[in-house]
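What follows is a single structure, written as structure tokens, with notes after it.
All values below come from the heavy atoms of this structure, side chains included, with hydrogens, waters and symmetry mates left out. Naming: A, B, ... by sequence-line order, numbering from 1 per chain.
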Protein chains: 2
Amino acid sequence: MRYVHVTMLISLARRNMAMSEPNHNHETHLTMQVVNHIRRLIENGTLRPGDKIPPEREFAQKLKISRASLRAGIGHLAAMGVLNVRHGVGTFVADGPPALGGVSLDILRALHGYTTAQMFEARRILESHLAALAAERGREEHFTALAEEVTEMYATFHEPQEYLIHDMRFHRTIAEASGNPILAVLMETITAALYDERRKTVERSRDLKQSAEVHRELYRAIRSRNAREAREVMERHLHMAESAQVNEQALAKEEKRPAAKKKSARASA
Amino acid sequence: MRYVHVTMLISLARRNMAMSEPNHNHETHLTMQVVNHIRRLIENGTLRPGDKIPPEREFAQKLKISRASLRAGIGHLAAMGVLNVRHGVGTFVADGPPALGGVSLDILRALHGYTTAQMFEARRILESHLAALAAERGREEHFTALAEEVTEMYATFHEPQEYLIHDMRFHRTIAEASGNPILAVLMETITAALYDERRKTVERSRDLKQSAEVHRELYRAIRSRNAREAREVMERHLHMAESAQVNEQALAKEEKRPAAKKKSARASA
DNA sequence: TGGTGGCAGTGGTCTAACCACTCCAGGTTA
DNA sequence: TAACCTGGAGTGGTTAGACCACTGCCACCA
């Protein structure tokens, strides 16, 4: 782990100046300046993944700002997944697997009314390409990992929660095998929300064995480097998955509301 | 604008308890609790896009936490684009056009070494589908907007910066016409980084008229609802765009380093 | 009528102190 | 010797209260 002495500091604009003209939009807020400052340090290589940034008190003093403002900036970057704050240890530049969203489509759906159908459509487009790319570019290690997950799926199709984990890993491995981490991240962003939803209803599923079969078929297409077939199977699989999830949700809804008319009372403080 | 009285507060866990067991990972930090609290309010409809959340002092008091902690949580949500903070006015639930990333691939590239080729590949996959969907689902108003942008492109192909704006708008309109806002957001995330890069080099481009031609072709394919052709033309267009950008960057690099060996000195404070 | 100055409301920043978590060195105990 | 405490140093998390800076609007004045 490199501990970086962030010496050459880009001077932050001063505040508290009595005769300053009105504050404008963009790069005024101190916290944004902190964000940009650290971003620059990362972009130009001064800070690299895994590096530890200086302790807050020290860093704040060097930047000639209060610790609170520094923390606001760090908070921003942490929210975006760029920094990784560990209480009692330090703050580090993210280095693990990337994560684009942070927003989790859950919220976006609440804000903009995204439908499950749209999410599945997006997923279908991304994953079918991912499967094709994986067939073209996948390496032996990927195939091995895929085979293992399929095996696990057969072994756990009577145990939905467990099954779901291997399902997820299978798809993630395909994404990795595609050789395009950007597409992989985009997929992850979408499926995270989808899986999260599915976890609540998967118990009711009765087609997990059939699902395992499809995954096996998918594996064989990829392994034999048949990109066209991989794409098609994936597309078919996801169409099935969509119907399955819709069914499960319908079941869940019925269960919760056993012929009653009221929509379930809302608790208040 | 609804001003919401956030009455029923989900009780936030207490801290500062002398006999508390060690702090664990997830939902401990006060700031995360604030994030989750507000997120819940949005997800269950208590807070809706455009709503104003209570003033910080008041809200903090209601939640029984310090203003600083509340601000940390708000900062997180603001970083993710969920909240919109306006100095001197208030804090609002985002309602404008969504924005997934926030991270801007720029950083991700610095952190994980994404290449421009990968970004173009991702873009190609997304946009070709977007074009096909637009051909299938686009409405008259979209076609009109597309036609206007093409016209503007012809009118400004001698003025690169201006041209680029219409180029961007053209593609954005296609995304809108596709009827899938999720795919649109994903595309926006990628192209934002790409355009940002291109803005620096587009001055050197000498093929803008040809580019306008392709866009016109694309428009005609979409307008005539020929999904297959739309996809193909888009794919071809983006392949061309990629080579063009690579060329421009090569030119730019040569220009900056006129046969000298040094890599340009770096200024220090 | 048309400014325009100022006030009220709200977010932004600062300070200084203290709390809570991690890690590890160094002593204690079995 | 080996396993176990213990406490301190380092670092992020939280609090409190004060003050600064921006926005919008209303009352006053020309």
Side-chain angles (χ1 to χ4, degrees), chain A residues 1 3-4 6 12-35 37-38 51-79 83-93, chain B residues 1 3-4 6 12-35 37-38 51-79 83-93:
Chain A
M1 172 185 73
Y3 182 104
V4 174
V6 185
L12 297 179
R14 297 276 28 104
R15 69 294 174 199
N16 291 1
M17 297 185 299
M19 71 314 266
S20 64
E21 56 275 348
N23 216 345
H24 284 318
N25 333 336
H26 286 308
E27 318 313 7
T28 2
H29 298 338
L30 263 196
T31 117
M32 278 314 163
Q33 296 182 36
V34 172
V35 169
H37 180 61
I38 296 179
D51 283 353
K52 180 177 182 298
I53 73 173
E56 296 183 349
R57 292 162 179 82
E58 183 184 325
F59 203 4
Q61 193 177 0
K62 250 191 301 202
L63 295 177
K64 301 230 248 301
I65 61 177
S66 77
R67 199 182 148 208
S69 296
L70 173 63
R71 279 178 60 76
I74 289 176
H76 249 70
L77 290 166
L83 292 181
N84 199 319
V85 183
R86 293 166 57 191
H87 189 175
V89 184
T91 300
F92 304 80
V93 178
Chain B
M1 172 185 73
Y3 182 102
V4 174
V6 185
L12 297 178
R14 295 273 34 98
R15 68 291 175 201
N16 290 2
M17 296 185 301
M19 71 313 269
S20 63
E21 55 278 347
N23 216 345
H24 284 318
N25 334 334
H26 287 307
E27 318 311 6
T28 2
H29 299 338
L30 265 195
T31 116
M32 278 314 162
Q33 295 181 38
V34 171
V35 169
H37 180 61
I38 295 179
D51 283 353
K52 181 177 181 300
I53 73 175
E56 295 182 350
R57 292 164 180 82
E58 182 184 326
F59 203 5
Q61 195 177 358
K62 253 191 298 201
L63 294 178
K64 305 230 239 318
I65 60 177
S66 75
R67 199 182 149 211
S69 296
L70 173 63
R71 280 178 59 76
I74 289 176
H76 248 69
L77 290 166
L83 291 182
N84 198 320
V85 184
R86 293 167 56 190
H87 190 176
V89 183
T91 300
F92 304 79
V93 178

**Asked** Just how far is it from atom CG of A:L63 to atom CD1 of A:I38, taken to the nearest 0.5 Å?
**Response** 7.5 Å
**Asked** For A:N84 and D:dG13, what is the distance between atoms CG and P respectively, to the nearest whole Å?
**Response** 11 Å
**Item:** For atom CD of A:Q33 and atom P of C:dC14, their distance in whole Å
**Value:** 10 Å
**Asked** Atom CE of B:M32 to atom P of D:dG13: distance rounded to whole Å?
**Response** 10 Å
**Request:** Report yes if some heavy atom in the side chain of A:V93 is under 4.5 Å from a heavy atom in the side chain of A:L83; otherwise report no.
**Result:** yes
**Request:** Flag the pair A:H37 / A:Q33 as yes when at least one side-chain heavy-atom distance between them is below 4.5 Å, and no otherwise.
**Result:** no
**Request:** Round to the nearest Å and state the distance from A:I53 atom CD1 to D:dG12 atom C1'.
**Result:** 11 Å
**Request:** Please list, chain by chain and in numerical order, all residues satisfying side-chain contact (heavy atoms from CB on, under 4.5 Å) with A:R57, sequence neighbours excluded.
**Result:** A:R67
**Prompt:** Does OP1 or OP2 of C:dT13 have a side-chain N or O of A:T31 closer than 4.0 Å?
**Reply:** no
**Request:** Would you name the heavy atoms of B:A79 and A:A79 that are closest together and state the gap between them?
**Result:** CB-CB, 3.7 Å
**Shortest side-chain distance from B:E56, nucleotide among C:dT13, D:dT14, C:dG12** = C:dG12
**Asked** Considering only C:dC14, D:dT14, C:dG12, which nucleotide approaches the side chain of B:V85 most closely?
**Response** C:dG12
**Asked** Considering all heavy atoms of both residues, which atom of A:V34 and which atom of A:S69 are nearest to each other, and what is their separation?
**Response** CG2-O, 4.3 Å
**Request:** Tell me which nucleotide among C:dC14, C:dC23, D:dT14 gets nearest to the side chain of B:H29.
**Result:** D:dT14
**Request:** Might you work through the side-chain contact (heavy atoms from CB on, under 4.5 Å) test for B:L77 and B:T91, ending with a clear yes or no?
**Result:** CA-CA 11 Å; B:L77 290 166; B:T91 300; over 6 Å; no
Write out a two-atom table: protein N or O, nucleotide N or O from nucleotides 5-9 of chain C, distance below 3.5 Å.
residue	atom	partner	partner atom	Å
C:dG9	N2	B:G88	O	2.8

**Atom pair CD/CD1 of B:E58 and B:I53 - distance to nearest 0.5 Å** = 10.5 Å
**Message:** Would you say A:T91 places a side-chain N or O within less than 4.0 Å of OP1 or OP2 belonging to D:dT11?
**Reply:** no
**Prompt:** Between atom CZ in A:R71 and atom P in C:dG12, what is the gap in whole Å?
**Reply:** 16 Å
**Prompt:** For A:T31 and A:H76, which heavy atoms make the closest approach, and how far apart are they?
**Reply:** OG1-ND1, 4.3 Å
**Asked** Nearest-Å distance, CG (B:L83) to P (C:dG12)?
**Response** 11 Å
**Request:** Give a yes/no on whether any side-chain N or O of B:S69 is located under 4.0 angstrom from OP1 or OP2 of D:dT15.
**Result:** yes
**Item:** Rounded distance (Å) that lies between atom C1' of C:dC14 and atom CG of A:L63
**Value:** 15 Å
**Side-chain N,O (B:R86) to OP1/OP2 (C:dT10) below 4.0 Å** = no
Distances for protein N or O near nucleotides 17-19 of chain D N or O, under 3.5 Å:
residue	atom	partner	partner atom	Å
D:dC19	N4	B:R57	NH2	3.4

**Prompt:** Roughly how far, to the nearest 0.5 Å, is CZ of A:R86 from NZ of A:K52?
**Reply:** 10.5 Å
**Prompt:** Rounded to the Å, how far apart are A:F92 CZ and D:dG12 C1'?
**Reply:** 11 Å
